[in-house]
Every structure is written in structure tokens, then in C-alpha cells.
Number of protein chains: 2
Amino acid sequence: MPVAKGSSLDPARTRAEMLRAASLVFYQRGLDGVGIAELCASVGASKETLYRHFGSKDGLIEAVLQARSDRVNAWIRAAAEAAGDDAVARLTAVFGVLGQWYSEPDFRGCAIVNAATQRHVEPARTIVARHLDRYLELFTEIATTAGVADPARVGRQLLMLLEGATVLADHHGLGQAAAEDALAAGLLLLKG
Amino acid sequence: MPVAKGSSLDPARTRAEMLRAASLVFYQRGLDGVGIAELCASVGASKETLYRHFGSKDGLIEAVLQARSDRVNAWIRAAAEAAGDDAVARLTAVFGVLGQWYSEPDFRGCAIVNAATQRHVEPARTIVARHLDRYLELFTEIATTAGVADPARVGRQLLMLLEGATVLADHHGLGQAAAEDALAAGLLLLKG
DNA sequence: TCTTCATCGAACCGATCGGTACGATGATGA
DNA sequence: TCATCATCGTACCGATCGGTTCGATGAAGA
């Protein structure tokens with residue numbers, strides 16, 4: 001049998017699959033660019049199931065953004081920690097994975113920042129603020145390790161380079177080159 | 001009499017007023033966040049007039065973005081040129097006006113970049129690309145004047161700082177401080 | 001076996017949207 | 001004076017949207 005009619009699989013599995021599909025399509029076409037009905041059809045679920053899991057479209061969006069923020073943060077953190085304790089090596093590793101990301105054919109900028117741009121409402125603004133805070137924490141650590149005079153400021157400046165590089169990679173076709181330029185500027189900041 | 005019923009004023013004046021109102025409300029609430037009917041009501045015009053001037057909502061959006069890009073470019077250029085020929089003074093002037101902008105209570109990031117994020121279609125992407133090109137031209141000029149080794153790269157890095165500072169000012173409540181941090185980093189880049 | 005529960009699929013709802021059509025109104029220029 | 005034109009206001013259209021409801025179906029646990 002292809003798909004069961006009743007309770008098909010693990011409910012948690014269904015929920016995760018919805019999150020995955022929604023994350024992809026929201027990122028590619030925007031939060032208002034895809035409807036609930038189409039989204040449900042794409043994962044073979046019914047609206048009722050979606051609304052039981054997420055309550056509303058905004059609830060789904062919030063869950064999507066939170067999951068994506070967690071995933072990106074883990075990804076960047078892992079790259080930094082795999083590079084060891086040296087500040088230069090860690091920063092190089094971070095912009096290295098960013099460069100990979102920028103080069104993906106479906107890259108469309110930062111999904112969390114993009115979403116907050118489309119929905120000027122509290123939940124989205126809160127999630128993007130926390131997302132940036134986690135970046136900031138990492139960059140401030142790196143700046144501290146590098147022994148710069150004002151690690152907090154250098155952390156903010158590194159974060160600006162990251163976000164700026166993301167915008168240029170998206171809207172100016174720079175791709176990997178954006179990450180390289182940003183890294184070069186970041187290394188200069190670390191040297192003081 | 002409050003408002004005339006027939007051809008009220010200069011048609012060009014009506015068009016400009018529509019552009020102004022649309023620019024504001026699209027910026028504050030997003031392209032999909034405001035409908036044509038409400039927009040027309042807010043300027044006391046009829047839908048027929050709007051569609052005669054702009055053809056479609058997308059046509060209106062395109063005109064709004066183009067006008068805003070021109071206005072921002074002129075604003076930044078004027079600030080740079082008023083600062084004289086010195087590279088440091090010019091860069092300081094540019095981030096000075098950016099800091100003012102970031103401090104405005106209704107600041108919501110770069111309207112052109114935001115719009116391109118909401119509409120992944122060609123016209124918007126083209127306008128944002130040209131918008132960034134004009135920034136890049138200015139920053140490359142400044143880098144050249146400063147005598148850095150690779151003015152094109154430094155120009156891109158300065159643009160990243162601008163876009164990154166814009167994102168942080170919007171989503172992290174940094175306001176003017178974002179411009180100051182970005183300027184400090186930019187000055188370091190100009191020194192090589 | 002019987003009950004409970006998650007699920008599907010489809011119908012349905014009210015609201016809103018972008019866009020069009022039309023009659024009435026008044027300003028402009030011949 | 002008369003025709004032209006831009007405009008308003010309103011009604012209307014088809015489509016789409018987020019969200020709800022309901023009967024049928026089947027899996028899991030008592």
C-alpha cells in the first residue's frame with residue numbers, strides 16, 4: 001500500500017516533515033508566496049493535521065524560523081569549534097562554511113532575516129534578534145581570543161561583515177567571493 | 001469645497017503623490033501588506049487613476065523602488081561630495097548620514113533590499129543590483145582616493161559594512177551605534 | 001473485540017485581493 | 001457653447017487565502 005489512510009506514521013515524523021517542506025518553500029518563495037493548501041498537498045497531509053500541529057500559519061512560520069535558527073547556529077558553531085582554539089583559524093572556518101552556503105544554487109540570503117523583513121511582527125522580530133545574538137556571542141568570543149582592545153565592538157563589526165556579505169552574495173551574485181572579501185576584512189579587524 | 005470631483009490638479013502631481021504614499025506604506029508594512037484599494041483611499045484617488053498611471057501593482061512597486069533608489073543615491077552622494085576630497089572625510093560623512101537614518105523611529109532597513117526579499121522577480125532583483133552598484137561605485141572611488149592596494153575589493157568590503165550595519169540597526173536596535181562601528185571598521189580598511 | 005485517536009480528503013466559509021467597467025462630475029480648450 | 005478628458009466612487013468579477021467542519025478510514029491499546 002502506498003500511504004495509509006488512518007494514522008500513517010509517527011506523528012512527530014509527520015510534524016518534522018511538514019517543518020522541512022515549509023522551511024524550503026518559505027525560503028524560496030516567501031512567507032506569503034505559498035498557501036497552506038499547497039503546502040499540505042506537497043507533503044501529502046491534510047490541513048487538519050497541520051493545524052493540530054501548529055495552530056495557525058503564523059505558528060508554523062514561527063516553528064520554521066526557530067528550527068532554522070537552531071540548525072544554522074549549530075552548523076556555524078561546529079565549524080568554528082572544529083578549527084581549534086586559534087582565533088584566525090576559527091574566523092577562517094566560519095567564513096569558509098558561509099562561502100559554501102553562498103555558492104549553493106538556491107541560496108537566497110538569510111532566511112530568518114528575510115522572514116523578519118516580510119512580517120514586521122513580534123515573534124519574527126524576537127527570533128531574528130536572538131539569532132543575531134548567537135552570532136554575536138561567537139564573534140565576540142573570537143575577538144576576545146584574538147586579544148583585541150574592544151572585543152564587543154569587534155564582534156559587532158564581524159557580524160556586520162557576515163550580514164553584509166550575505167546581502168551581497170544574494171543580490172550581487174558574488175557567491176564565494178563575498179565570503180573571501182569579508183574574511184579578509186575580518187582578519188584585519190582581529191589584528192587591530 | 002474640499003476636493004474637486006473632476007480632474008483635480010496636475011496629473012503629474014497626483015502621480016507623485018501616489019508614489020510618495022505608496023513608498024511610505026510599502027516600506028512600513030511590506031509589499032503584500034497593503035492593498036490597492038487602501039492605498040488609493042489614503043491619497044483620495046480612485047483605482048482607475050492608479051492603474052492608468054502605473055498599469056499594475058507590480059508597475060507601481062517598480063516605480064516606487066526606482067524612485068527610492070534614486071533618492072537614496074542622491075542623498076548619500078551629496079553627503080560625500082560635501083565632505084570634500086579627502087577619503088576619510090568622505091567615508092565619515094557617508095556613515096554619518098547613515099547613522100541619522102538608522103536613528104529615525106520608523107527605520108526598517110533598506111527598502112530596496114527588503115522589497116527584493118519579498119518579490120523574487122526580475123524587476124526587483126534588477127533594481128536592487130543597480131542600487132548596490134551605485135553604492136559600490138562610490139565606495140570604490142573612496143578606496144581609490146585613499147590609495148589602498150585593491151580598491152575594488154575594499155569597495156566591496158565597505159559596502160558589506162554598510163549593508164551589515166543596516167541589518168543590525170534594523171534587527172538589533174543598534175541605531176546610530178551601528179554606523180559608528182561600521183565607520184571605525186571602514187577606516188581601518190582604508191588604512192590598509 | 002471495542003474504543004480511542006490521528007489522519008485524509010473534500011466541502012465549505014467569510015474575507016480580501018488585484019483588476020475592470022461604468023455612470024456622473026467637473027475642468028480645459030476649441 | 002460644446003466636446004474632450006481626467007477623475008471619482010461604486011459596484012462588480014474571479015481567484016485565492018487562512019481556517020473550520022465532517023464523514024470515512026485505519027492503526028493502536030484496553
Side-chain angles (χ1 to χ4, degrees), chain A residues 1-23 25-26 28-65 115 118-121 123-124, chain B residues 1-23 25-26 28-65 115 118-121 123-124:
Chain A
M1 67 221 117
V3 174
K5 192 66 171 306
S7 106
S8 57
L9 296 130
D10 193 350
R13 185 80 64 180
T14 300
R15 189 191 139 102
E17 177 63 18
M18 281 181 170
L19 266 184
R20 193 199 58 82
S23 188
V25 72
F26 282 152
Q28 290 299 320
R29 293 158 49 191
L31 303 182
D32 291 325
V34 55
I36 292 292
E38 177 190 345
L39 184 55
C40 288
S42 77
V43 298
S46 73
K47 284 184 170 190
E48 187 173 349
T49 302
L50 186 147
Y51 279 95
R52 186 158 10 82
H53 279 311
F54 302 102
S56 68
K57 184 173 185 178
D58 282 348
L60 170 64
I61 290 171
E62 198 176 328
V64 163
L65 294 183
Q118 295 169 61
R119 290 274 214 277
H120 297 161
V121 294
Chain B
M1 66 231 114
V3 175
K5 196 65 171 306
S7 105
S8 56
L9 295 132
D10 192 350
R13 185 81 63 181
T14 299
R15 191 191 137 102
E17 177 64 16
M18 281 181 169
L19 267 184
R20 193 199 59 82
S23 189
V25 71
F26 282 152
Q28 290 299 321
R29 292 160 48 192
L31 304 181
D32 290 326
V34 55
I36 293 292
E38 176 189 345
L39 184 54
C40 288
S42 78
V43 298
S46 72
K47 284 185 171 189
E48 188 173 346
T49 301
L50 186 146
Y51 278 95
R52 186 159 8 83
H53 279 312
F54 301 102
S56 67
K57 184 174 185 178
D58 282 348
L60 171 64
I61 289 172
E62 198 176 326
V64 162
L65 294 184
Q118 295 169 61
R119 289 275 214 276
H120 298 161
V121 293

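Basis for what follows: all heavy atoms, side chains included, without hydrogens, waters or symmetry-related copies.
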Could you tell me which residues satisfy side chain to side chain contact (heavy atoms under 4.5 Å, CB included) with Glu62(B), sequence neighbours excluded, listed by chain and number? Pro123(B), Ile127(B)
Among all residues two or more places apart in sequence or in another chain, which pass the side chain to side chain contact (heavy atoms under 4.5 Å, CB included) test with Val34(A)? Val25(A), Phe26(A), Arg29(A), Glu38(A)
Neighbours of DNA chain D within residues 48-55 of chain A, by heavy-atom distance under 4.0 Å: Glu48(A), Tyr51(A)
[X] has an atom [atom1]; how far is it from atom [atom2] of [N], in whole Å?
X	N	atom1	atom2	result
Leu39(A)	dG19(D)	CG	P	12 Å
Ile36(B)	dT20(C)	CD1	C1'	13 Å
Asp58(B)	dG18(C)	CG	P	10 Å
Glu38(A)	dC17(D)	CD	P	8 Å
Asp32(B)	dA15(C)	CG	P	21 Å

Going by the side-chain hydrogen bond (donor to acceptor under 3.5 Å, both in side chains) test, which pairs reach into residues 39-49 of chain B, not counting sequence neighbours? Ser46(B)-Thr49(B)
Heavy-atom nearest nucleotide on DNA chain D taken for Lys47(B) and for Val43(B); more 5' hit belongs to Val43(B)
With nearest nucleotide decided by heavy atoms, which residue, Met18(B) or Ala37(A), maps closer to the 5′ end of DNA chain D? Met18(B)
side-chain hydrogen bond (donor to acceptor under 3.5 Å, both in side chains) against Asp32(B), all qualifying residues, sequence neighbours excluded: Arg119(B)
Only counting residues at least two apart or in another chain, list the ones meeting side-chain hydrogen bond (donor to acceptor under 3.5 Å, both in side chains) with Arg52(A). none
Is any side-chain N or O of Lys57(A) closer than 4.0 Å to OP1 or OP2 of dG18(D)? yes
Report the C-alpha distance between Leu60(A) and Ser56(A) in whole Å, list the side-chain angles of each, state the deciding distance to 0.1 Å, and finish with yes or no for side-chain contact (heavy atoms from CB on, under 4.5 Å). CA-CA 6 Å; Leu60(A) 170 64; Ser56(A) 68; over 6 Å; no
Answer with base, sugar-phosphate or nothing: what part of the nucleic acid does Ala45(A) contact at a heavy-atom distance below 4.0 Å? sugar-phosphate
